[in-house]
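Working notes for the structure below.
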2 protein chains.
Amino acid sequence: MNGVTRREQLRAATELDIRRHARELLVREGQEAVTLRAIARELGITAPALYRYYDSREDLLHRLSEDICDDLSAELSETMRGIEDDHLSKVFAVCRGFRSWALTHPREFGLVFATPGGNAGANAGVDAREPAPTATTVPATRSDELGSVFLGVVGPLMAEGANNSPPPRIPEELRAGLADSQRDLAAAFNTHGIEMPPEALSAEAVYMLLRWWARLYGQVALEVFEKFPFDVSHADRLFESMLEELGREAGLYR
Amino acid sequence: MNGVTRREQLRAATELDIRRHARELLVREGQEAVTLRAIARELGITAPALYRYYDSREDLLHRLSEDICDDLSAELSETMRGIEDDHLSKVFAVCRGFRSWALTHPREFGLVFATPGGNAGANAGVDAREPAPTATTVPATRSDELGSVFLGVVGPLMAEGANNSPPPRIPEELRAGLADSQRDLAAAFNTHGIEMPPEALSAEAVYMLLRWWARLYGQVALEVFEKFPFDVSHADRLFESMLEELGREAGLYR
DNA sequence: TTCCCGAGTTAACGGCGTTTACTTCGCACC
DNA sequence: GGTGCGAAGTAAACGCCGTTAACTCGGGAA
């Protein structure tokens with residue numbers, strides 16, 4: 001009848017259960033408490049059984065971090081559903097959503113956005129690394145919902161602002177490098193099925209995008225890790241003022 | 001003759017040796033390879049002996065991160081020794097120095113600047129946390145060389161720019177919070193023995209300082225953790241352009 | 001000279017990731 | 001309806017790990 005056997009159903013169910021308990025441990029007790037034995041204990045099975053589902057603890061953490069990305073994407077999408085204003089408002093909403101998600105999920109944030117290298121979690125879109133796996137393999141890594149959300153909200157803004165934003169004085173040495181990024185970004189928009197007029201992908205727009213991400217990430221990471229030089233009780237207002245500033249610089253305000 | 005006994009000398013020497021080997025492990029194989037047993041092995045000693053020097057592995061990592069801060073401070077000071085230009089150039093030099101240190105010491109950067117909470121490594125200056133230890137204890141935590149370096153280079157710039165920087169339009173809701181930060185910052189300058197005219201500590205200046213740190217930290221962390229949305233081969237030029245932009249916004253350029 | 005105390009050791013505990021060899025049992029096939 | 005394969009799970013073991021407790025031993029103060 002159905003193309004999925006009972007065995008596959010069960011397998012998928014416990015696979016999900018494993019990551020559910022893993023995540024609970026991550027949230028409750030931190031990354032190093034996410035232990036194969038602890039997960040197995042909570043599931044009422046023995047640790048080696050987990051190797052039927054994951055190659056190693058590291059593999060499990062990697063999948064977990066992908067789950068987290070997907071959940072973040074879903075939350076951001078949901079947040080944005082209520083916003084029907086202009087494109088800039090949506091971008092603001094996503095930024096605020098990202099911040100409050102990070103502050104309420106510090107452990108998840110740490111795993112996904114502050115683990116060096118291969119994690120691949122947060123490269124929202126392209127990921128042109130890896131030496132190309134003999135071609136013919138299209139889906140490659142994963143859905144990358146998060147990239148879609150970010151690009152989906154930034155895209156329209158870029159398209160709209162294509163010819164009304166003031167040129168932000170790009171240093172000449174940067175233009176060559178930005179051209180590469182332009183190609184990458186165009187490919188990403190394409191991959192995620194967002195149509196984007198080529199003239200909207202100006203070097204200025206790419207530069208703007210990079211600055212948005214750098215500042216958003218910086219401010220949020222500083223808050224999550226509590227690495228501000230002194231206690232800033234007004235971090236939320238600081239964040240708002242950063243957004244306002246970015247909007248102003250993008251020449252898209254009001 | 002000397003106020004320090006032979007015993008104390010030896011103790012200090014091995015204490016240093018322990019952290020030297022710990023650091024080597026951190027750099028070579030990452031944080032989770034910094035193992036009491038591994039350190040002891042390299043020292044030709046057994047693991048429990050380390051408990052004569054540190055309360056726990058966590059304690060050791062904490063001290064190690066303080067060491068790292070001190071080394072970073074030393075490196076930044078050294079870098080700055082060659083700069084005899086205006087104050088802005090020195091700030092630029094420190095920022096560039098911080099970036100290149102982070103890129104050449106990613107593991108150390110991760111330990112000090114991306115470990116949440118108590119680590120206390122990177123709160124460059126004040127650290128008004130902790131419930132005040134009954135007073136009478138002045139030195140409290142540690143030297144905090146890093147705070148001195150940063151403040152020492154930012155201070156003169158703030159003093160100089162006291163009345164020639166354009167007001168950066170601070171949102172009204174921010175001013176109250178910034179007033180708190182002003183006090184904290186003033187206390188920090190005082191603690192580090194840097195004289196600072198009170199009128200130089202305007203809300204604008206504090207706001208500027210926070211933005212500098214947020215952007216510097218953000219860009220550097222993005223590079224270290226490779227979390228840029230796509231591969232930016234031109235990250236160095238992006239960084240330079242960020243510095244230029246910050247300088248321009250501070251109204252202190254040229 | 002005596003004796004203390006601190007650096008270091010040995011042995012042990014429980015927990016960890018991972019591998020190997022094994023049981024068990026659902027389910028596809030004849 | 002029986003047969004057998006393969007997947008899910010287990011038990012035991014290996015070598016790590018942090019940490020504790022009980023000890024040795026020797027340098028230096030009394």
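As the structure is a computational prediction, the values presented were derived from the model and not from experiment. Below, read A as the first sequence line, B as the second, and so on, with proteins coming before strands; counting in each chain starts at 1.
Salt-bridge formation is detected for the pair Glu42(B)/Arg28(B): a Lys NZ or Arg NE/NH1/NH2 atom is positioned less than 4.0 Å from an Asp or Glu carboxylate oxygen.
As judged by a 4.0 angstrom heavy-atom cut-off over every strand, Ser56(A) is placed among residues touching the sugar-phosphate backbone only. Counting any heavy atom pair closer than 4.0 Å across all strands shown, Arg52(A) reaches a base atom. Residue contacts for Leu10(B): at a heavy-atom cut-off of 4.0 Å it reaches no nucleic acid atom on any strand shown.
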Verdict with supporting geometry, Met80(A) and Val91(A), side chain to side chain contact (heavy atoms under 4.5 Å, CB included): CA-CA 9 Å; Met80(A) 237 177 29; Val91(A) 172; over 6 Å; no
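The backbone N or O of Asp17(A) lies less than 3.5 Å from no partner atom in the side chain of Thr14(A), so there is not a single donor-acceptor pair. A distance-only check finds a donor-acceptor pair linking the side chain of Ser56(B) to the backbone of Asp59(B) [under 3.5 Å].
At least one side-chain nitrogen or oxygen of Arg41(B) sits closer than 4.0 Å to the OP1 or OP2 atom of dC17(D). OP1 or OP2 of dT19(D) sits under 4.0 Å from a side-chain N or O of Tyr51(B). One finds a side-chain N or O of Tyr53(A) lying less than 4.0 angstrom from the OP1 or OP2 phosphate oxygen of dG9(D). Residue Arg11(B) places at least one side-chain N or O closer than 4.0 Å to OP1 or OP2 of dA7(C).
The C1' atoms of five pairs define one axis at each end of the helix from dT1(C)-dA30(D) to dC30(C)-dG1(D), and these two axes lie 0° apart (to 10°).
Minimum atom distance to the side chain of Ala38(A) is reached by dC16(C), of the listed dC17(D), dG9(D), dC16(C). Closest to the Leu36(B) side chain, of the nucleotides dC17(D), dT19(C), dT19(D), is dT19(D). Nearest to the side-chain atoms of Arg37(A) among the listed nucleotides dT18(C), dT20(D), dG9(D) stands dT18(C).
The CD atom of Glu15(B) sits 14 Å away from the C1' atom of dG6(C) (whole-angstrom rounding). Here dT19(C) presents its P atom at 17 Å from OH of Tyr54(A), a figure rounded to the nearest Å. The nearest whole Å value for the distance from the CD atom in Glu32(A) to the P atom in dG18(D) is 13 Å. Distance Gln31(A) CD to dC16(C) P: 16 Å, rounded to the nearest Å. What separates CD1 of Ile39(A) from C1' of dG9(D) is a distance of 17 Å, to the nearest Å.
Mapped onto DNA chain D by nearest heavy atom, Thr35(B) and Thr46(A) fall at different nucleotides, with Thr46(A) at the one closer to the 5' end.
Using modelled atom types, one finds a donor on one side chain and an acceptor on the other under 3.5 Å when comparing Tyr54(A) with Arg19(A).
Between Trp101(A) and Phe113(A), the angle of the ring planes goes over 60°, which puts this pair in the perpendicular group of the 30/60° scheme.
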